[in-house]
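Okay, so here's the structure we're looking at.
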Amino acid sequence: MRGTRPPCDSDVLNERPLGRSFYFRPTLRVARDLLGKILVHASAEGCAAGRIVEVEAYRGPSDRAAHSAGGRRTPRTETMYGPPGHAYVYFVYGMHHCVNVVTRAAGVPEAVLIRALEPVAGVELMRLRRGFAAGPDWRLCRGPGSVCRALGLTRVHDGSDLVTGPLQILDASRVAAARVARTPRIGVDYAGAHAALPWRFLVVGSRAVSGTRARTGVA
DNA sequence: GAATAGATTGTCT
DNA sequence: GACAATCTATTCT
C-alpha cells in the first residue's frame, strides 16, 4: 500500500510519494531519476522539503567506496542490506549525518547518497536547525551533512520507510538530460580505481550543488 | 573564487 | 588507535 503524504503547507508539495517500485531498480537509474524529486521530512517541529539536485550511487560489495565494500556487514551498514525504499542514515567525521536511499532487493547492499537540495518548504525551520539566520536559501542544504542538519535527520531515522514514513520522496517532473551532469564521487579518494567512476549526478547550474563552481556546472 | 586547516567521535581493526 | 561518503572559518589571490 502506498503511504500518505506528510502534512505540509506548501503547494509545491502537491505530489504523491514515490512507490516502492521506484527504488527497486538498478542503482544508477534510481540515482539519475532522483534528480528533481522532492525530499520531505514531516517532524513534530514542522515540515521541511527540498528538490534533489545532487546524488551519488554506491554499489555494494564490488564498490570499494561503499560502506558495504567487500560485503562488509555490520550494525551500521545493516540497513543497506534491507529492502528498497528505506533511509540509510549514518554518522561521519565525528559531527555529521548523511542520508541515503536504499535500492534493489533485500540482500543487495546498494544505495544513493543525497548530497544537496534546493529548499522548497520549511525554510525558516531549516534556518533554525542550521543556525543560519542570514544568507541565501541555496546554502541551506548544500552538501550531505547540511541536508541532514536542515531536515533534522539523525540515526533515529536510519531504516525509516520512505514509502510510508515521515520521511518521503515526492514525485516531480524529470530533469532533462541536457541539465544532468556526471562526475566522480566526492571524498572517496581512498577507493583506488573506483574513485574515478562517474557515479555522482547533479543538476547543472544549481547553486545548491556542493563543491566549487567548476564542479557544480554553474557558469 | 580557491586552497588549507581544524573540529570531533562512532566504527572497525 | 586510525580513519572517515564533511563543514566552516580563515587566509590567501
Side-chain angles (χ1 to χ4, degrees), chain A residues 27-28 30-32 34-35 39 50 52-82 86-104 108-117 119 126-159 182-202 205-219:
Chain A
T27 304
L28 290 178
V30 174
R32 189 257 178 260
L34 276 173
L35 294 179
L39 179 63
I52 299 170
V53 294
E54 181 187 359
V55 298
E56 283 176 359
Y58 285 88
R59 301 186 62 193
S62 63
D63 177 3
R64 286 182 52 197
H67 289 163
S68 53
R72 199 169 58 208
R73 187 168 185 167
T74 65
R76 178 177 70 147
T77 64
E78 190 58 30
T79 302
M80 281 189 91
Y81 288 82
H86 290 252
Y88 167 45
V89 183
Y90 65 88
F91 186 67
V92 272
Y93 294 117
M95 60 192 97
H96 299 295
H97 291 273
C98 297
V99 224
N100 293 247
V101 166
V102 176
T103 61
R104 304 201 61 193
V108 184
E110 302 192 14
V112 178
L113 171 66
I114 308 296
R115 290 191 57 89
L117 311 174
M126 289 181 182
R127 287 186 182 281
L128 249 150
R129 285 169 169 157
R130 295 275 334 263
F132 193 78
D137 286 0
W138 56 262
R139 271 208 208 275
L140 289 168
C141 305
R142 193 178 198 251
S146 299
V147 168
C148 283
R149 188 109 189 266
L151 293 195
L153 301 177
T154 66
R155 270 170 306 176
V156 179
H157 304 278
D158 184 42
R182 296 178 63 165
T183 78
R185 294 170 292 182
I186 306 297
V188 298
D189 294 342
Y190 58 84
H194 294 251
L197 295 169
W199 288 354
R200 171 174 178 246
F201 296 77
L202 60 91
S206 172
R207 302 273 249 165
V209 171
S210 68
T212 61
R213 273 167 79 138
R215 240 170 180 173
T216 64
V218 173

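Protein chains get the first letters and strands the later ones, always in sequence-line order, with residue 1 at the start of each. Keep in mind that what you see is a predicted model, and the values were worked out from it rather than measured.
Taking atom CG of A:Asp158 as the reference point, atom P of B:dG10 lies 15 Å away to the nearest angstrom. Here the P atom of nucleotide B:dG10 and the OH atom of A:Tyr93 are 16 Å apart, to the nearest Å. Between A:Arg142 atom CZ and C:dC7 atom P there is a gap of 10 Å when expressed in whole angstrom units. Atom CZ of A:Phe132 is separated from atom C1' of C:dC7 by 12 Å (rounded to the nearest Å). Between A:Arg64 atom CZ and C:dA5 atom P there is a gap of 13 Å when expressed in whole angstrom units. Following rounding to the nearest Å, A:Tyr190 (OH) and B:dC12 (P) show an atom-to-atom distance of 13 Å.
Counting all heavy atoms, side chain and backbone alike, A:Met80 lies closest to A:Val102 at O-CG1, 3.9 Å. When all heavy atoms are compared, the tightest approach of A:Tyr88 to A:Arg76 is CE1-O, 3.2 Å. Nearest heavy-atom pair, A:Pro144 versus A:Leu113, reported as atom, atom and distance to 0.1 Å: CB-CD1, 4.2 Å.
The local environment of CZ in A:Arg139 is sparse, with at most 12 non-hydrogen atoms from other residues, nucleotides or ligands closer than 6.0 Å.
A:Tyr58 pairs in a side chain to side chain contact (heavy atoms under 4.5 Å, CB included) with only one of the listed residues (A:Val112, A:Thr27, A:Val188), which is A:Val188.
In this model, the phosphate group of C:dC7 is not approached by any side-chain N or O of A:His96 to a distance below 4.0 Å at OP1 or OP2. Between A:Arg155 and B:dT9 there is no side-chain N or O to OP1 or OP2 distance below 4.0 Å. Residue A:Arg115 places at least one side-chain N or O closer than 4.0 Å to OP1 or OP2 of C:dT6. Distances shown here put every side-chain N or O of A:Thr212 at or beyond 4.0 Å from the OP1 or OP2 atom of B:dG1.
Between A:Glu56 and A:Arg185 there is no salt bridge, since none of the side-chain N atoms of the basic residue sits less than 4.0 Å from a carboxylate O of the acidic one.
Interatomic distance, CG of A:Asp158 versus CZ of A:Phe91, reported as 13.5 Å (0.5 Å rounding).
In this structure, of C:dT8, B:dA7, C:dT6, it is C:dT6 that holds the atom nearest to the side chain of A:Pro144.
When base pairs are accepted only as Watson-Crick or G-U wobble with both N-N or N-O distances under 3.5 Å, DNA chain B takes part in stems of 3 or more pairs at B:1-7 with C:6-12, B:9-12 with C:1-4.
Applying the salt bridge (Lys or Arg N to Asp or Glu O under 4.0 Å) test to A:Arg64 and every residue at least two apart in sequence or in another chain returns nothing.
Looking at residues 69-80 of chain A, you'll see A:Met80 sit with a heavy atom under 4.0 Å from some atom of DNA chain C.
Nucleic acid contact for A:Phe91: sugar-phosphate only, since backbone atoms but no base atoms lie under 4.0 Å from a heavy atom of the residue.
In terms of polar N and O atoms assigned as donor or acceptor, the side chain of A:Tyr90 comes within less than 3.5 Å of the base of C:dA5 in a complementary pairing.
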